[in-house]
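Input: a single structure, listed below in structure tokens.
All figures in this text were calculated on a predicted structure; none of them were measured in a lab.
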Amino acid sequence: MAYPEGMAVTDDRYGADEIQVLEGLEPVRLRPGMYVGGTGQRALHHLVWEVVDNAVDEALAGHCTEIRVELDGDGVVTVADDGRGIPVGVNRQTGVSALELVFTRLHAGGKFGGGGYKVSGGLHGVGASVVNALSAWLEVEVRREGHLWRQRYERGVTVTPVEQVRPLARDEATGTTVRWRSDDTIFDPGVHLSPTTLAARLREKAYLVRGLRFTLRVPGHEEQVFRSERGLADYVRELNEEREPVHPEVISLYAPDADVPTEVALGWTASADERVYSFCNVVNTVDGGTHVSGLRRALTRCLNVHAWETGRLKRDRGESLEPKDVFEGLTAALSVMLEDPKFEGQTKGRLNNSEAQAAVQSVTQAAFGEWLAARENAAQARAILERCLLGREIRLAKGRISKKLRNAATSIFSDSNLPGKLADTLDNPAVAIDDRELFVVEGDSAGGSAKAARDASTQAILPIRGKILNVLGAKNGRAFDNAEVDNILVALGGRKDAIGKTVVATLEPAMRRYGKVVITADADADGAHIANLLVTLFHELFPRFLSEGRLFLARPPLFRVALPDSSYVYVHTERELQATLKRTRRTGDHVTRFKGLGEMNADQLRETVFEPSTRRLLQISMEDAALVAETVNLLMGSQAGARRVWLEDAARDVEVEV
Ligand code: TSJ
């Protein structure tokens, strides 16, 4: 093994005995991945956290109030604290300064001397020596025992002894400062420390160690300070800033003096997801673990007891909340301190100490139980319980729906419940659902000729009579009291489910009976009104179907112009008619005007509405439908106004694929 200049140090204290120490760090340089998880950007940040976490440990031991992190823009990092200073005394066994051992021996961090750390962070526990090993150079300064002490290393090798630099000034505080430049022969080219990543992690650490002040200095940026007085409660408040809280105050449970010091902060929101942030010894346990299980059990238990005691759930009827109900919409932060943390999993992100579960569970159960029962929290406790009960209702409703869907799946092909008026597609399993079209046709008479004009293998007709219900005017779930609305739902393959008094329609993609719906109404004001109401219905009840671009509006022509060769062209607007007459040199005598679909014969209907190669359809986008629904809503009750709403304003013409 070739050692650099460091070996040439002539001081007697750095003789042959120390080869052992120097050899100690060579494995780190040979296999950095094993110690810092690689040689990329993450690994580079890892060095900073390794050093910062040592200073955090000093704060947790109660001896440090501030940690400063500074980048000089040239790859040099400085981390400084105002703790007691790393001990500099010579270790009896080795004859080497404790300070030097910290930086030159693997796993030496925090384990030496008496009265070391009660708990130790550094998830990976590799210590400062790993940072030293992977640095081109590293300098440490200690202010302690009345003096400033200094030592320098290069590539992990000691190059100066522990020097007494000068006495401390009278008002000069004790502390440790470490400055280093990572070795770019080890790290990937171009990797650098990210100020935003550093800031985010320092902010997080500030929440985890109440009162500890972090400052971050980066060239070209103002100094950032992170400090929290109320710990995780501040964190949860920040995390929930964009959400709708269910109760005004974040709940803070704090047991710093428990056997397993524990802190919990809880904030329920109206959001559907759960966010649980967990930490052990100030290190994020991204995959949770035993401490999170303890929290789950305790919160579920407490809220069940509260629900039973307040009579909101009946215990004797077996009614209870599940953890899922309780955690829906919850933002929780949980921090525990363990003397001997066991981190498991691929990325060491899961805590595995069984004592952590018992401890968190008992601390949380006692403190949260008391909080829920306290008179001054009655209103908030009620709001939280109602949120959990809603979670339960949703869970039960989902269960009922999927059970019904499972049951329905076997009977779907029997068609026995389909609307009597539906002229369905032929029962040919070779025709895919996506290739099937449902034409919702206004009026029974038009329905009759439509039946003759369609291609029965792919096209179904559902005639609806007169005006359909404006679903926006219907109370919760009452839309399906309307037979036409109900027919549309059932024909499409949808289901109705009651959640309490509310009827919910579901149109599961797997249960669909058609891939497209074509609204077929006359090209007049009444037809437009019906089309508007149908589009509104889809917007309100089947938004997914709509958003997938499956809803269309048939555009039957208003005129037909006969040409000299006995062929003809269909024309859709007054303006188009004028242009066509001019272009074909025909007159009004050659024009047929259609007053409605009912006036067309089957051939004309086939050509203008059903035949994919000749028909005109408008695809209704979500935006179009939203606009229509909004307008319908605006004009609700004002029939005269509603008649003037012409869907054409909102819809856009598209080429429709065959
Ligand atoms: F990571 C590190 F080693 F480089 C490092 C350690 C970096 C920084 C910025 C700070 C520290 C550090 C270590 N700050 N404070 C301490 N404290 C001790 O090492 C210490 C001090 C006193 C006693 C004692 O028992 O008197 C024990 C210890 C472990």
Side-chain angles (χ1 to χ4, degrees), residues 1 3-31 34-36 50-51 53-58 60-64 81 83-135 137-165 174-178 180 281 338-341:
M1 259 183 283
Y3 282 99
E5 287 77 10
M7 283 303 290
V9 171
T10 51
D11 190 303
D12 268 359
R13 285 155 56 204
Y14 296 85
D17 290 353
E18 297 313 308
I19 291 172
Q20 203 62 42
V21 172
L22 299 173
E23 277 178 350
L25 290 183
E26 195 59 15
V28 181
R29 289 180 63 83
L30 284 173
R31 291 183 192 80
M34 275 188 57
Y35 297 88
V36 289
E50 202 57 57
V51 172
D53 286 347
N54 273 279
V56 168
D57 283 345
E58 182 73 355
L60 290 172
H63 301 290
C64 155
D81 73 17
R84 291 165 294 176
I86 301 175
V88 290
V90 172
N91 178 279
R92 259 173 221 230
Q93 275 167 11
T94 58
V96 178
S97 159
L99 179 64
E100 185 165 350
L101 289 179
V102 166
F103 285 95
T104 55
R105 287 218 174 142
L106 274 173
H107 307 302
K111 294 276 158 65
F112 59 88
Y117 314 130
K118 188 157 185 285
V119 295
S120 184
L123 168 54
H124 314 275
V126 290
S129 60
V130 167
V131 179
N132 194 18
L134 301 178
S135 293
W137 57 263
L138 182 147
E139 279 174 11
V140 55
E141 288 185 343
V142 169
R143 291 169 301 281
R144 184 185 167 93
E145 292 164 22
H147 281 85
L148 175 68
W149 309 80
R150 179 186 292 152
Q151 188 166 37
R152 179 178 166 96
Y153 321 83
E154 290 176 5
R155 279 161 269 179
V157 176
T158 303
V159 293
T160 69
V162 175
E163 293 170 303
Q164 209 181 66
V165 182
T174 59
T176 304
T177 301
V178 179
W180 76 94
N281 297 359
L338 291 175
E339 284 190 38
D340 184 22

Any sub-3.5 Å donor-acceptor pair from Trp149's side-chain atoms to Val162's backbone N or O?
no
Working to the nearest 0.5 Å, report the span between CG of Leu101 and OG1 of Thr94.
4.5 Å
Does any N or O in the side chain of Thr174 come within less than 3.5 Å of the main-chain N or O of Gly83, such that one atom is a donor and the other an acceptor?
yes
Please report the closest heavy-atom contact between Leu338 and Asn281, naming both atoms and the distance.
N-OD1, 2.7 Å
May I have the step-by-step check of side chain to side chain contact (heavy atoms under 4.5 Å, CB included) for Glu50 and Val130, ending in yes or no?
CA-CA 9 Å; Glu50 202 57 57; Val130 167; 5.6 Å; no
pair Val178-Val140: side-chain heavy atoms closer than 4.5 Å:
yes
Thr176 side chain vs Asp81 backbone, donor-acceptor pair below 3.5 Å:
no
What pair of heavy atoms forms the shortest contact from Arg144 to Ile86, and how long is it?
CD-O, 3.6 Å
Side chains of Val51 and Trp180: closer than 4.5 Å at any heavy-atom pair?
yes
How close do Arg152 and Trp137 get, heavy atom to heavy atom, and via which atoms?
NH2-CB, 3.4 Å
Flag side-chain contact, heavy atom, 4.5 Å: Glu145 against Val88:
yes
For Pro87 against Ala98, the heavy-atom pair lying closest together:
O-CB, 3.4 Å
Taking side chain as C-beta onward, heavy atoms only, is Thr160 less than 4.5 Å from Arg150?
no
Is there a donor-acceptor contact under 3.5 Å from the side chain of Asn132 to the main chain of Thr104?
no
Option from Leu106, Leu134, Leu25 for which side-chain contact (heavy atoms from CB on, under 4.5 Å) with Tyr35 holds:
Leu106
If you measure from the Lys or Arg side-chain nitrogens to the Asp or Glu carboxylate oxygens, is any gap between Arg84 and Glu58 under 4.0 Å?
yes
Arg29 side chain to Ala133 backbone, donor-acceptor under 3.5 Å
yes
Exercise: identify the closest heavy-atom pair between Glu100 and Val96
CB-CG1, 3.7 Å
Test side-chain contact (heavy atoms from CB on, under 4.5 Å) applied to Thr177 - qualifying residues, sequence neighbours left out
Thr78, Ala80, Glu141, Arg143
